[in-house]
Amino acid sequence: MPITARHLKARGLPMHDIRMIRDNPDAFDAAIGRVGAGAVSAGILALDEARRGAIGASEAAQAARNAASKLVGKAKADGDEAEFQRLRALMGDKKEEIARLEEEARRLDTQLHDMLLGLPNLPLGDVPDGADEDDNREIRRWGEPKVPGFQPKEHFELAAVQAGMDFATAAKLSGSRFVVLRGAVARLHRALAQFMLDVHVNENGLTETITPVLVREEAMYGTNQLPKFAEDSYQTTNGWWLIPTSEVTLTNTVREEMLDEAALPIRMCAHSQCFRSEAGSAGKDTSGMLRQHQFEKVEMVSITHPDRSLEEHDRMTRLAEDILQRLGLAYRTVVLCTGDLGFGARKTHDIEVWLPGQDTYREISSISVCGDFQARRMNARFRPQGGGKPEYVHTLNGSGLAVGRCLIAVLENGQQADGSVDLPGVLHGYLGGNSRIGADGVLS
RNA sequence: GGAGAAGUGGCAGAGUGGUCGAAUGCGGCGGUCUUGAAAACCGUUGAGGGUUAGCGCCCUCCGGGGGUUCGAAUCCCUCCUUCUCCGCCA
């Protein structure tokens with residue numbers, strides 16, 4: 001019935017403000033053109049105009065019906081049977097007309113909604129233009145990339161992990177891109193997750209959170225995995241989706257909420273399993289546990305006031321970097337260029353950790369500011385202090401960090417000539433006081 | 001899996017065919033009082049959309065969808081969700 005976006009609520013609200021597009025079509029095209037969407041405003045505005053015309057016609061018919069409705073009771077009361085019958089007939093006609101006009105308005109509204117739903121977020125002005133990851137701009141480096149005096153190995157080749165990182169058995173259980181961890185390696189993996197959580201919770205003020213990993217469709221729309229990237233995630237036979245990151249659950253905790261401004265920012269972190277189909281990355285990173293269908297990640301999510309999201313972005317980036325510094329792992333931080341930017345992000349920092357075995361930096365964290373893009377999809381708002389209209393919150397997410405990849409980094413950076421691995425000091429306490437994994441795979 | 005109950009504004013919670021966008025309370029905002037604050041009192045306060053230079057006017061919304069009726073928060077159907085009890089179970 002309603003012509004508003006309400007009937008589309010289940011799939012989320014449009015993530016672009018149609019009024020903004022109306023007022024600044026050229027600016028919108030320019031911005032969205034930077035992420036390869038071409039000039040789309042003309043099509044959007046044509047549809048929007050048709051939609052608004054249909055809404056106007058529908059509402060005019062409804063107003064006429066409402067006016068007649070007021071008179072009909074009076075006619076009845078006055079005993080004016082002729083007038084009563086005339087108005088009844090009129091309302092009957094209007095009913096059909098309204099149904100027809102509403103249907104048209106709703107059809108156009110849905111069409112516009114779907115068009116907007118498929119458009120990526122707008123990059124911020126300071127995001128560099130570029131085609132792909134080669135055009136990302138480095139903003140800082142920390143630490144000396146470790147180059148040992150011997151030929152370094154990749155993590156899965158190290159003597160210390162041979163017993164504890166079993167791809168063959170995982171393949172038997174599940175297939176490729178899975179791993180079974182045992183003994184010292186499993187414990188190191190757990191230690192890393194614990195360490196990250198402790199830092200974020202005890203020192204950084206994030207609220208430790210445990211969420212479901214199975215979610216309904218709406219949540220996946222909210223954080224823009226749907227509708228465009230359905231093939232990247234897994235769905236259960238009864239319709240749940242396995243989260244590809246706990247960004248989905250943490251961010252959607254404020255879905256449909258009217259928050260108090262004083263409650264912002266809301267800072268959360270979660271350690272969870274993540275599931276990705278890795279469709280489209282066949283043949284990429286096939287050895288080792290760099291790219292798995294199932295992996296663990298400590299995720300950070302912040303819900304902020306619109307004026308505070310950019311500083312929050314920098315804060316979150318520093319928190320992720322801090323984990324690497326404490327682990328003594330060299331890294332570089334880059335700003336993703338327009339060509340590498342994710343669908344829902346306005347700006348993204350990637351942190352790349354040094355991997356001696358690969359002789360390169362590899363992504364270990366990605367921190368994005370989404371502006372109100374996801375908030376619009378989720379209808380997540382706050383009431384400004386001092387009254388006034390509700391506003392959309394801003395959402396941010398970032399890895400803090402990917403646990404599996406961090407394990408790789410610790411192993412490769414700590415490797416010794418004999419195949420053993422020296423472990424970072426901050427982890428010793430999590431490992432029963434042990435400080436290394438011997439070439440025999442045993443902690444000592 | 002079986003049996004029940006319920007979904008109303010930022011929140012709580014009335015309302016069972018028109019006079020209901022919706023009592024009341026809390027919260028918010030403005031004011032009186034106060035050195036200031038609290039309390040008390042008075043007033044005010046839903047969301048989305050269309051239209052307008054603006055004032056304003058109009059439309060929709062009581063979980064979603066459909067139906068009955070001149071007329072639906074209220075009656076009927078259906079779906080979704082939540083809760084309670086029983087059973088099973090980590």
Side-chain angles (χ1 to χ4, degrees), chain A residues 1-23 45 47-113 116 210 212-219 221-222 238-240 252 254-264 266 303 372 375-393:
Chain A
M1 291 273 217
I3 304 305
T4 64
R6 194 185 173 88
H7 67 279
L8 300 165
K9 201 155 131 187
R11 294 188 302 140
L13 296 150
M15 59 302 307
H16 286 295
D17 184 355
I18 186 66
R19 291 198 192 102
M20 187 273 275
I21 301 175
R22 239 180 254 157
D23 295 343
L45 292 180
L47 190 52
D48 178 49
E49 202 175 320
R51 167 183 151 271
R52 285 190 289 152
I55 289 171
S58 166
E59 289 188 353
Q62 288 177 71
R65 180 200 57 191
N66 291 347
S69 175
K70 278 183 184 147
L71 295 174
V72 85
K74 185 172 184 299
K76 185 81 171 171
D78 294 349
D80 187 343
E81 185 63 20
E83 177 68 356
F84 178 71
Q85 291 303 338
R86 189 186 71 81
L87 288 167
R88 267 190 70 168
L90 176 67
M91 290 178 68
D93 292 346
K94 284 292 170 195
K95 191 172 182 177
E96 279 178 41
E97 185 186 348
I98 289 166
R100 186 167 46 76
L101 291 170
E102 270 193 347
E103 172 57 32
E104 174 69 359
R106 194 193 301 213
R107 187 182 64 78
L108 290 165
D109 196 43
T110 303
Q111 210 176 318
L112 176 64
H113 180 267
L116 293 174
I210 295 175
V213 295
L214 289 167
V215 298
R216 53 172 84 253
E217 184 180 68
E218 295 93 294
Y221 272 96
N238 67 344
W240 282 326
N252 275 282
V254 297
R255 173 184 196 81
E256 303 280 323
E257 289 289 320
M258 182 73 76
L259 302 162
D260 285 335
E261 181 175 346
L264 303 175
I266 299 170
I303 311 296
D372 62 7
R376 285 176 180 280
R377 289 177 170 242
M378 298 188 298
N379 197 212
R381 298 168 296 172
F382 71 97
R383 172 100 47 198
Q385 257 159 359
K389 287 286 177 189
E391 293 180 45
Y392 290 109
V393 296

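A, B, ... follow the sequence lines: proteins, then strands. Residue 1 opens every chain. Heavy atoms only: backbone and side chains are in, while hydrogens, waters and symmetry mates are out.
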- Could you check which of U60(B), G48(B), G50(B) has an atom nearest any side-chain atom of Arg381(A)? G48(B)
- Of the candidate nucleotides A47(B), G49(B), U82(B), which contains the atom at the shortest distance from the side chain of Arg383(A)? A47(B)
- So, does the side chain of Glu59(A) form a donor-acceptor pair with the base of G49(B) at under 3.5 Å? yes
- Task: Output yes when a side-chain donor or acceptor of Arg255(A) lies under 3.5 Å from a complementary backbone atom of Met378(A), and no otherwise.
- Result: no
- Side-chain touch Asp17(A)/Asp372(A), heavy atoms, less than 4.5 angstrom: no
- Task: Whole angstrom is fine here: how far is it from CD in Glu257(A) over to P in C11(B)?
- Result: 8 Å
- Item | Atom C1', compared across C85(B) and C42(B): separation rounded to whole Å | 49 Å
- Nucleotide of G50(B), A47(B), U60(B) approaching Pro390(A) most closely (side-chain heavy atoms): A47(B)
- Task: Would you classify Asn66(A) as touching base, sugar-phosphate or nothing, given that sugar-phosphate means primed atoms plus P, OP1 and OP2, and contacts are heavy atoms under 4.0 Å?
- Result: sugar-phosphate
- Each base of RNA chain B marked ( ) or [ ] if paired in-strand (Watson-Crick or G-U under 3.5 Å), | if paired to another strand and . if unpaired gives ((((((((.[[[..)..(.....]]]((((((.......))))))((((((....)))))).[[[[[..)....]]]]])))))))....
- Message: Whole angstroms only, please: what is the CG-C1' distance between Asp23(A) and A53(B)?
- Response: 14 Å
- Task: Tell me which nucleotide among U60(B), G50(B), G48(B) gets nearest to the side chain of Lys389(A).
- Result: G48(B)
- Take Glu49(A) and Arg52(A) through the test salt bridge (Lys or Arg N to Asp or Glu O under 4.0 Å) and record every step on the way to the result. CA-CA 5 Å; Glu49(A) 202 175 320; Arg52(A) 285 190 289 152; 5.6 Å; no
- Message: If you define the side chain from C-beta out and look only at heavy atoms, does anything of Asp48(A) sit under 4.5 Å from Ile21(A)?
- Response: no
